[in-house]
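Here the structure is laid out as structure tokens; the discussion comes afterwards.
We number each residue from 1, following the sequence as shown. Bear in mind the structure is a predicted one, so any value in this text is a computation, not a measurement. Atoms within each ligand, like the ligands themselves, are counted from 1 in listed order.
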Amino acid sequence: MGVYETLFKFADATGQYMGDSGTHPWAQGYPLTTQIPGGPPLPGSIDIEHLDLKYPKATGEPPLLAAIVDYYNTFYDAGITADNVAVFAGGRPAIFATLAFVLDDTMIALESTEYTPYYDMLNVLKRQVHLIPSRADNRFRPSTEHYDIEPLGDAQRVMLVKSNPCNPTGVALSGEALRELVDTFSGPDRGALIDEAYEFYCDPEPESALRYIKDIDQTNIFVIGAATKGLQVPGMRVGWAIAANEHIEIFRNYSSFGMGGVSRASQLYVTELLRLERVANARRAIGKFYSEQRSRYGEGLTALDFELFTGTGGFYHWGRVPGGLSGDELNERLFKYGAGILPGRLCDMSRAPDKTSDLDNFVRFSFGPLSADSYQQDMQILSECLG
Ligand SMILES: Cc1ncc(COP(=O)(O)O)c(C=O)c1O
């Protein structure tokens, strides 16, 4: 159990749900769902007619598929068609489905500090896992050689699973480094799941692996996107996988026996959000607003003696708590103020119950849901809890 462990502890200690008005949801991974400065408004309604009440198509409604294709072809020259896209009820269902259908002789490689749910998914699916060191001693930035991985034991293939930008660290690969990664995992018996949930939250600009994939039909690369963060609508539950046509066909079958498609109403709403002019505005505004927040909170946390390792993406700060305090100990203090962070140990992909973690003293501080005017109060609470 990942972030929910923290949310349940918070609810037990405070009688409130983190995110309720008056709480300080620094553990939470959702963005503001209101118009951000310079950004487009979020529609208050959509029109629905009787045809929209029918079952949705297995891998997505044609207008949404067309909008996703246009989006990637316009901004990244991706060269994809609607046959390369499958729509899911959010990013996690797309990730879980991809990992569920990976061939059994595949070894999954992932960084040792990663997005909490990967740990649970890989455990439930009993996948063979190889960890790429991502720790304080390499500043959570594995070098290129660490991605050069051969299958071990009975495995014949390797599939990389990577959030980019990384949740929790914010470390983001772009340009030549991302091209190299794509090339490495485009080869025979190689594949990758590149999770771009935070694509818009990148300084200086959004980036996607699709810019570097020459012909996705010749690869086993899955690029996962979602309306959750960049389009600011976690509650719509819309995500997607971009992959070779032969893989999308597997998702089509899966959708018909295991999912039944994704809410048509949500798809209509997200189609509107992806209008090219609107989405261009959203990309710029999200990048600007959250880069400012990253730098402001970075200065504040550093002044409180957090040792930060944060990269240039995402909406989290990742760092070591001052005074030898663990993330859990800090939370006990914060809960009294209706605040809480995500203890770093929940991002440790090698964690085990009753075992200490290298990340016990680390925390992920989320500024995703925070409005620009909460800063002073946030710093005040932290300072009192550390004092
Ligand atoms: C790294 C990463 N991938 C994917 C997701 C997808 O989330 P959802 O299933 O809410 O669309 C999230 C959200 O927290 C995330 O942080």
Side-chain angles (χ1 to χ4, degrees), residues 1-7 18-19 25-33 60 64 68 85-100 108 110-122 124 134 140 160-173 192-202 206-209 222-242 251 259 262-263 266-267 269-270 273-274 286 290 294 310-318 341-342 344 346-349 364-370:
M1 220 181 15
V3 68
Y4 283 96
E5 180 183 323
T6 304
L7 300 184
M18 191 182 296
W26 310 330
Q28 293 274 53
Y30 61 83
L32 286 168
T33 55
L64 178 57
I68 294 171
V85 185
V87 173
F88 291 86
R92 279 164 288 176
I95 297 166
F96 190 77
T98 306
L99 294 175
I108 303 290
L110 79 166
E111 291 176 20
S112 57
T113 302
E114 258 292 3
Y115 177 41
T116 313
Y118 296 163
Y119 173 87
D120 300 273
M121 292 185 195
L122 293 166
V124 165
S134 167
F140 301 94
L160 176 73
V161 173
K162 178 171 175 52
S163 56
N164 190 44
C166 175
N167 171 3
T169 65
V171 173
L173 285 191
L193 182 162
I194 305 186
D195 175 358
E196 300 186 345
Y198 298 90
E199 175 201 345
F200 289 16
Y201 297 81
C202 243
E207 175 68 301
S208 172
F222 296 75
V223 175
I224 309 294
T228 307
K229 319 276 172 176
L231 298 175
Q232 301 175 262
V233 289
M236 283 293 151
R237 308 310 304 137
V238 172
W240 49 84
I242 315 287
F251 291 143
M259 183 166 68
V262 172
S263 155
S266 290
Q267 295 194 55
Y269 190 93
V270 170
L273 301 187
L274 282 169
I286 292 273
Y290 281 94
R294 188 180 306 109
T310 316
T312 53
F315 52 55
Y316 306 107
H317 272 295
W318 174 247
I341 46 73
L342 187 78
L346 295 174
C347 306
D348 180 353
M349 295 294 120
R364 187 194 77 176
F365 175 94
S366 172
F367 50 89
L370 305 182

Between Ser134 and Glu111 (side chain of the first, backbone of the second, donor and acceptor by atom type, cut-off under 3.5 Å), is there such a pair? no
Among all protein heavy atoms in this structure, tell me which lies nearest to atom 14 (O) of ligand 1, with the distance rounded to 0.1 Å. Lys229 NZ, 2.6 Å
Nearest protein heavy atom with distance in Å, relative to atom 10 (O) of ligand 1: Arg92 NH2, 2.8 Å
Near Gly91 (heavy-atom distance under 4.0 Å), the atoms of ligand 1 are 6 (C), 8 (P), 9 (O), 11 (O)
Run down the list Trp240, Phe315, Tyr115 and name the one with the heavy atom closest to atom 5 (C) of ligand 1. Tyr115
Check for a donor-acceptor pair, side chain of Asn164 on one end and backbone N or O of Cys166 on the other, with a separation under 3.5 Å. no
Please determine whether any non-hydrogen atom of Tyr30 lies less than 4.0 Å from an atom of ligand 1. no
Please write down residue, atom name and distance for the protein heavy atom closest to atom 11 (O) of ligand 1. Thr228 OG1, 2.5 Å
Which residue from Tyr198, Phe96, Tyr118 reaches closest to atom 16 (O) of ligand 1 through any of its heavy atoms? Tyr198
So, regarding Ser163 and ligand 1 (criterion: nitrogen or oxygen to nitrogen or oxygen, under 3.5 Å), is there a contact or not? no
Side chain to side chain donor-acceptor pair (under 3.5 Å) against Ser366, all qualifying residues, sequence neighbours excluded: none
So, using ring-ring contact (aromatic ring centres under 6.0 Å, His included) as the criterion, who are the partners of Phe88 when residues are at least two apart? Phe251
Quick one: look up the protein heavy atom nearest atom 1 (C) of ligand 1 and list residue, atom name and how far away it is. Asp195 OD2, 3.3 Å
For Tyr198 together with Phe315, are the ring centres under 6.0 Å from each other? yes
Can you check whether Ala226 has an N/O within less than 3.5 Å of an N/O in ligand 1? no
So, does Gln232 use its side chain to make a donor-acceptor pair with the main chain of Thr33 at under 3.5 Å? no
Does a side chain donor of either Tyr119 or Asp348 reach within less than 3.5 Å of an acceptor in the other side chain? no
